[in-house]
Protein chains: 2
Amino acid sequence: MSAKDLDISVSYEQLEDLEEDFEDVELELLRQQAKLSKDLYAKREKIVAQIPNFWPLVFEQSPPEIDEYIQPTDSALLMGALKSLSVERFELPEGDPRSLAITFEFSENDHFENTKLEKKFWWRESKDGWAGLVSEPVDIKWKSADKDLTGGALALVKQIYEDDKAGKAQEETESKKKLRELLENTGIGGASFFSFFGFRGRYVTAEESREATKASQEKRKARKEGKEVEVKEDEDEDEEDDDDEYELEIFPTADDLAVCIAEDLWPGAIKYFIQAQEQDALSDMDFESDDDEEMEEADNGDEKPPQKKRKA
Amino acid sequence: MSAKDLDISVSYEQLEDLEEDFEDVELELLRQQAKLSKDLYAKREKIVAQIPNFWPLVFEQSPPEIDEYIQPTDSALLMGALKSLSVERFELPEGDPRSLAITFEFSENDHFENTKLEKKFWWRESKDGWAGLVSEPVDIKWKSADKDLTGGALALVKQIYEDDKAGKAQEETESKKKLRELLENTGIGGASFFSFFGFRGRYVTAEESREATKASQEKRKARKEGKEVEVKEDEDEDEEDDDDEYELEIFPTADDLAVCIAEDLWPGAIKYFIQAQEQDALSDMDFESDDDEEMEEADNGDEKPPQKKRKA
């Protein structure tokens, strides 16, 4: 698109360059945030480790963007066995602050052997201009087929990923066939939260990403210096072809969910925990007594955290 | 509340102190953000001033949290006369980064004489532990009574505010009576966006706020040093009494709306403007032609900003 599109002297490129400058500020703030809150998160970890069921209660209060993915069976497993959660911006301090790792720790449970499940997301840019989070499938060692909350999907995704890496990307393998059938028989609302670990996202290697970032930064610099920058005509078309979602993705919005866990559930954990305590107190009240004072306190608690009400 | 409430060795006070430490980090980040993006906002202002209807188009695309308050008559006025919008964290660099001023500039229009309307919100803390944004009513010089989109409410709010300051806070004045009648006859969904300018919030003076902040910081410091800190028994009760919403508030959620404008619409203005352009292109397409290429481009445009797709 060019200045002509807006019928004025401002071009889309100018607006986009400005947006990129704002994004640089946001990246710098993410870096600062990680630095400034590192010790506090370590302190929080120690404190909450002393509170039974802290993380299960936090998940129980999670906002709709997260809660909608937690099926009743997932919830039972999380409530019974989730020991801890942690989020790390693992490419910092040098790398991209948008790359993130989410680690779940579990106690002994009926469903799987793993005591720790880590899901990593890398921020990548592709040559056609796309940018976003990509990942690798993480397998779960289910205790038996009927304990597998993903109904075998996770293992198939992992197998397909390995096959693809071994050069069978274009081949219709047995695993692909099976997964396709499985996906056809699972309603979108019915997939387990644990399918999250199967997310792949677009296939963009670290090298492609480095080159793409370098190329786009050079173009941006050239534009800032007032040079004419050639816009490759095929860029938009490429984008459209490649941007189709990977058809065998078992949890297509796992990248958004990861960001929501990292930017909402993780920083807001204490807030959600206190909410859970208050709801608990409130529902106890319903049965215990009709003592006015107690009721009042509970009503109060339902609306705001103890002592301090913060807005904004 | 005490450690006993949690049946463990962690007290609510510990969790709250930790939350305050996290909040200090957020405040520092707000300060950094203001500093790092100041020049960019100045640059953006110059660029978008060249684009006809930039701000009206941004408002047209505003998220539901803002859009729900814009009535059709408000929208017509904004589309025809909004020249610019700006947000300033006016207490920076020394003061609280949560205090904010929103300024709307208007061209000549049928409804009011003002060319500029500024609404300021101060972050205040009260002695009973409440904290939030407070404001003062801003009057609008409507051209005539039937052009007044608030049906006279804004003028009454302003009058009541002046009366209250002159010592008539406990008095049932004529203005209060009239405003109460007016509020009873207006459905919540029916109030004009311009009622926003009438918001008062809790009455907390700068002096009370300074003292309250000082007192709570001292307590927090004492707790950190391991001293026993007396919890005033009446704190919670006070809070409950005082926290009742001011009954003559004509736009009770104006503080939330202000934060949404400051944290979403204002930083995201270019994104919303591009969205508006794309929708426009798309609806033109519907009527113009069935040329495949053009349709493709428009479909493409509907989903993502030109050239670059960003997630997270």
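Just so you know, these numbers come straight off a predicted model, no measurement behind them.
Neither the backbone nor the side chain of B/Phe121 comes within contact range of chain A; no heavy atoms are under 4.5 Å apart.
Contact annotation: the side chain of A/Phe22 never approaches that of B/Pro267 to less than 4.5 Å [non-hydrogen atoms, C-beta and beyond]. Between B/Val10 and A/Val48 the shortest side-chain heavy-atom distance does not fall below 4.5 Å.
Rounded to the nearest 0.5 Å, atoms CG (A/Leu36) and CG (B/Asp21) are 12.0 Å apart. Here CG of B/Leu15 is found 14.5 Å from NZ of A/Lys271. Values are rounded to the nearest 0.5 Å.
For B/Tyr203, the OH atom counts as loosely surrounded, since its 6.0 Å shell holds 12 or fewer non-hydrogen atoms of other residues, nucleotides or ligands. Atom CD of A/Glu208 has more than 12 heavy atoms from other residues, nucleotides or ligands within 6.0 Å.
Contact count against chain B (heavy-atom pairs under 4.5 Å) is highest for A/Arg44 among A/Gln32, A/Arg44, A/Glu28. In terms of heavy-atom pairs under 4.5 angstrom with chain A, the leader among B/Ile47, B/Asp24, B/Leu18 is B/Leu18.
Results of the side chain to side chain contact (heavy atoms under 4.5 Å, CB included) test with A/Ile270 over B/Glu19, B/Glu16, B/Gln14 single out B/Glu19 as the only residue that passes.
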